[in-house]
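Quick notes on the structure that follows.
Source: prediction; values computed, not measured.
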Amino acid sequence: QVPLVESGGGLVQTGGSLRLSCAASGRPASMYAVGWFRQPPGKERAFVGRISGRGNPYYADSVMGRFTISRDNAKNTVYLQINSLKQEDTAVYYCAADLIPRATDYDLPTSYQYWGQGTQVTVSS
């Protein structure tokens, strides 16, 4: 198992920044990739980005340039830095672990075996 706990969400004004954390345990950090997803109110869960066990990031086109994913394997923690927040960023943000090496389908929730509980990000005007 790879238990995951997200933190760092909150209420932020438009244009502000947040850093979300995803603390993992149960496996060596380099053995799994971590994806970030978000689910706005009333909408489906959507892919945000992914970082490999070695730290190589991949991003959805919709967030590229504002979102940065990084990981500190010594702390077994993955981060999602969000800059220039927009109201459209309001959502519950989830991190998820994928223990299967893959080059395709990494943007699908079904490609991830373990999920955190989510953290709420609310952007106000």
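- Summarising the geometry of Q117 relative to L4, their closest heavy-atom pair is OE1-O, 3.8 Å, with the distance given to 0.1 Å.
- The salt bridge (Lys or Arg N to Asp or Glu O under 4.0 Å) contacts involving residues 42-62 comprise R50-D98, where partners must be two or more places apart or lie in separate chains.
- Partners of Q39 according to the side chain to side chain donor-acceptor pair (under 3.5 Å) rule, which considers only residues two or more places apart in sequence or in another chain, do not exist here.
- Considering only residues two or more places apart in sequence or on other chains, R19 meets the salt bridge (charged side-chain N to carboxylate O under 4.0 Å, His left out) condition with none of them.
- In terms of heavy-atom proximity, R66 sits nearest to K86 at NE-CE, 3.9 Å.
- The two residues G8 and T119 make their nearest non-hydrogen contact at N-OG1, 4.2 Å.
- Remark: side-chain polar atoms of S84 are not paired, donor with acceptor, to backbone N or O of G15 under 3.5 angstrom.
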Atom pairs and distances, side-chain donor-acceptor, residues 68-81, under 3.5 Å, sequence neighbours left out:
residue: R71; atom: NE; partner: N73; partner atom: OD1; Å: 2.7
residue: R71; atom: NH1; partner: Y32; partner atom: O; Å: 2.9
residue: R71; atom: NH1; partner: S52; partner atom: O; Å: 2.8
residue: R71; atom: NH2; partner: A29; partner atom: O; Å: 2.7
residue: R71; atom: NH2; partner: Y32; partner atom: O; Å: 3.4
residue: D72; atom: OD1; partner: A74; partner atom: N; Å: 3.1
residue: D72; atom: OD1; partner: K75; partner atom: N; Å: 3.4
residue: N73; atom: ND2; partner: G53; partner atom: O; Å: 3.2
residue: N76; atom: OD1; partner: Y32; partner atom: OH; Å: 2.4
residue: N76; atom: ND2; partner: R27; partner atom: O; Å: 3.4
residue: T77; atom: OG1; partner: K75; partner atom: O; Å: 3.0
residue: Q81; atom: NE2; partner: N83; partner atom: OD1; Å: 3.0

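- For residues 82-125, the disulfide bond (SG atoms under 2.5 Å apart) pairs, not counting sequence neighbours, are C22-C95.
- For residues 109-125, no pair satisfies salt bridge (Lys or Arg N to Asp or Glu O under 4.0 Å), with sequence neighbours left out.
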Criterion side-chain contact (heavy atoms from CB on, under 4.5 Å) on V63 and R38, from CA distance to verdict: CA-CA 11 Å; V63 304; R38 64 182 180 181; 3.9 Å; yes

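- Residues forming a side-chain contact (heavy atoms from CB on, under 4.5 Å) with Q13 (at least two apart in sequence, or on another chain): S124.
- Minimum heavy-atom separation, L20 to I82: CD1-CD1, 4.2 Å.
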V121 and L18: CA distance, side-chain angles, deciding distance, side-chain contact (heavy atoms from CB on, under 4.5 Å) verdict: CA-CA 9 Å; V121 172; L18 280 176; 3.8 Å; yes

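- Residues forming a side-chain contact (heavy atoms from CB on, under 4.5 Å) with P57 (at least two apart in sequence, or on another chain): Y59.
- A heavy-atom distance below 4.5 Å is found between the side chains of V2 and L99.
- Under a 4.5 Å side-chain heavy-atom cut-off, the cluster of Ile, Leu, Val, Met, Phe, Trp and Tyr residues that includes Y94 is completed by F37, F47, Y58, V92, Y106, Y112, W115.
- For T110, the side chain to side chain donor-acceptor pair (under 3.5 Å) criterion is met by no residue, not counting sequence neighbours.
- Between the OG atom of S21 and the CD atom of E6 there is a distance of 10.0 Å, given to the nearest 0.5 Å.
- Applying the side chain to side chain donor-acceptor pair (under 3.5 Å) criterion to T122, with sequence neighbours excluded, gives Q120.
- Put simply, the residue from D105, T104, I100 that forms a side-chain contact (heavy atoms from CB on, under 4.5 Å) with S111 is D105.
- Placement of M64 and I51 within a single hydrophobic cluster is found when ILVMFWY residues are connected by side-chain heavy-atom separations under 4.5 Å, directly or transitively.
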